[in-house]
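Given the structure is predicted, the values throughout are model-derived calculations rather than measurements.
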Amino acid sequence: MIALSRNLRHFRLLLAVADTGSLTQSAALANVSQPAVTQAVTKLEKEAGGPLFDRTRQGFFPTPRGEAMSARLRRAFDRLDPALTDIAPRLKLTATWAQLQALVAVHETENFTLAARRLGLAQPTVHRAISHLEKEAGRPLFDRTAFGLVPTRATSALTQAVMLAFTEIDQAESDLADLDGGEAGRVVVGALPLSRSVLLPRALARFRDRRPNHPVRVIDGAYDELLGDLRRGEIDMIIGALRSPPPIGDIRQEPLFDDRLSIIAGPGHPLLDRKGLTAEDLRSWKWVVPRIGAPSRAHFDAFFAETGLPDSIVEAGSILLMRELLTQSDHLGCISSAQAQAELAHGLLHEIDVTTRWPRRPIGLTYRGNWFPTKAQALLLDLLRQGAQDITL
């Protein structure tokens, strides 16, 4: 099993050997002894499951395993080092993995005791880690207030960089395991409502046929929450309605198919036999609709722009809740056509005929702009793209 020890100094020595091809030059660059470099490389090779370098008379040359690991480590330090330097250049040399873990935990909890509990450490250990970082930085990383520890802007930027660097190291383990036909790491998907009932289940079933043992985690949530997790590296991709314009410049959006909205009702609803219904006809009914901020809610609000919104509205993104409410009452629902496809096909719900031509909205993938997926992540991406081709609305 691949399990890297997360020693930042050893990682930097490995990259030095990959760059110079020489233990002696690497030792000189890092201001350590040659045996220290040899010991670091040997330890990492044991953890990585095999040789990282071919030893020749001409020098050290990375093996495929070494190239895979070096590529991820470079990406990790490309994230981490600029943020460390912005606070204090010396932190590149002195900050340890344990200290940066403590930084993330304190940033998220704004409390030493809660951070220690999250990490399974004693509170003084976490306090000491933050104090050491602040001493090296020459300034506080958190403002001490009556309400807790409030991170400075530079600390927040560093925390995001640390989390993204941690993600790259996790993915290094996955890349190394793939070389041996093993499994390491996991795929984490942020699922917006539509994807949970249409695109994602089919892709996951096909993914499981190809990678039966690879861990997959699906996180349901609101778009803003998932976007924050995505940018911090806690999830790999978001599947669902795309935003126009994109909310921030460090993400990429990839359209997969276009969706439209549907007005739906339960069996036996009084409006099922009527055609060409208008906003005026529908305004007095009780509704279940997406919450404010969702693209589909904007289209619903636009439909009633001239008449005013209905007075009776339940906000919910769950098709299961909507289905139960519609089948047990005369509520109407406004939802993605793709999301309601299964219920409509099985006769559990029925579409109401309205005069409007709903605007199409793009459904697709959102991921970090400079993300480099592992083989398992890339496989799921391909399966999602293939599955989108089968969706017709």
Where do Glu173 and Arg186 land on the salt bridge (Lys or Arg N to Asp or Glu O under 4.0 Å) test, with the steps shown first?
-> CA-CA 10 Å; Glu173 292 179 340; Arg186 63 181 177 181; over 6 Å; no
Student check: side-chain heavy atoms of [X] and [Y] closer than 4.5 Å:
X      : Y      : answer
Trp285 : Arg283 : no
Ile264 : Gln339 : no
Gln253 : Ser244 : no
Leu8   : Thr96  : no
Val106 : Val126 : yes
Arg297 : Glu315 : yes
Ile335 : Met322 : yes
Phe77  : Lys92  : no

Applying side chain to side chain contact (heavy atoms under 4.5 Å, CB included), run through Phe142 and Glu110 and close with a yes or a no.
-> CA-CA 9 Å; Phe142 296 89; Glu110 298 186 350; over 6 Å; no
Check for me, please, whether [X] and [Y] land in the same ILVMFWY cluster - side-chain distances under 4.5 Å, paths through other members count.
X      : Y      : answer
Phe11  : Leu164 : no
Leu380 : Ile363 : yes
Leu179 : Val41  : yes
Leu158 : Leu119 : yes
Leu192 : Ile251 : yes

Would you say [X] has more than 12 foreign heavy atoms packed within less than 6.0 Å of its [atom1]?
X      : atom1 : result
Asp209 : CG    : yes
Arg210 : CZ    : no
Arg153 : CZ    : no
Arg144 : CZ    : yes
Phe61  : CZ    : yes

Side-chain donor-acceptor pair under 3.5 Å between [X] and [Y], yes or no?
X      : Y      : result
Gln34  : Thr24  : yes
Ser262 : Glu351 : yes
Asn213 : Glu183 : no
Arg79  : Asn370 : yes
Thr155 : Thr152 : yes
Asp170 : Thr167 : no

Ion pair check, Arg55 and Glu45, cut-off under 4.0 Å | yes
Carboxylate-amine/guanidinium contact Arg72 Asp175, below 4.0 Å = yes
Arg361 and Asp258: CA distance, side-chain angles, deciding distance, salt bridge (Lys or Arg N to Asp or Glu O under 4.0 Å) verdict = CA-CA 5 Å; Arg361 59 188 191 129; Asp258 285 339; over 6 Å; no
Taking every heavy atom of Phe257 against every heavy atom of Ala388, the minimum-distance pair comes out as CD2-CB, 4.0 Å
For Leu15 and Ser70 the tightest heavy-atom approach is CD2-O, 3.7 Å
Between His269 and Leu271, is there a donor-acceptor pair closer than 3.5 Å when you use the side chain of the first and the backbone of the second?
-> yes
Please report the C-alpha distance between Asp259 and Arg360 in whole Å, then the side-chain angles of each, then the deciding distance to 0.1 Å, and finally whether the side chain to side chain contact (heavy atoms under 4.5 Å, CB included) criterion is met.
-> CA-CA 5 Å; Asp259 186 30; Arg360 294 276 173 168; over 6 Å; no
Please enumerate all residues that pass side-chain contact (heavy atoms from CB on, under 4.5 Å) together with [X], with sequence neighbours excluded.
X      : value
Leu29  : Thr20
Gln386 : Asp382, Leu383
Ala122 : Pro124, Thr125
Glu306 : none

Intermediate values then yes/no, side chain to side chain contact (heavy atoms under 4.5 Å, CB included), Ile169 and Leu73 | CA-CA 7 Å; Ile169 305 304; Leu73 293 181; 3.4 Å; yes
Paired with Arg65, the salt bridge (charged side-chain N to carboxylate O under 4.0 Å, His left out) test is passed by just one of Asp54, Asp178, Asp180, namely Asp180
May I have the step-by-step check of side chain to side chain contact (heavy atoms under 4.5 Å, CB included) for Ile87 and Arg139, ending in yes or no?
-> CA-CA 9 Å; Ile87 291 181; Arg139 54 172 158 156; 3.8 Å; yes
Using the test ring-ring contact (aromatic ring centres under 6.0 Å, His included), find all partners of Phe304 that sit at least two apart in sequence or belong to another chain.
-> Trp287, Phe300
Could you list the donor-acceptor pairs under 3.5 angstrom formed by side chains in residues 218-229, with sequence neighbours left out?
unit_1, atom_1, unit_2, atom_2, d
Asp220, OD1, Arg196, NE, 3.3
Asp229, OD1, Arg232, NH2, 2.7

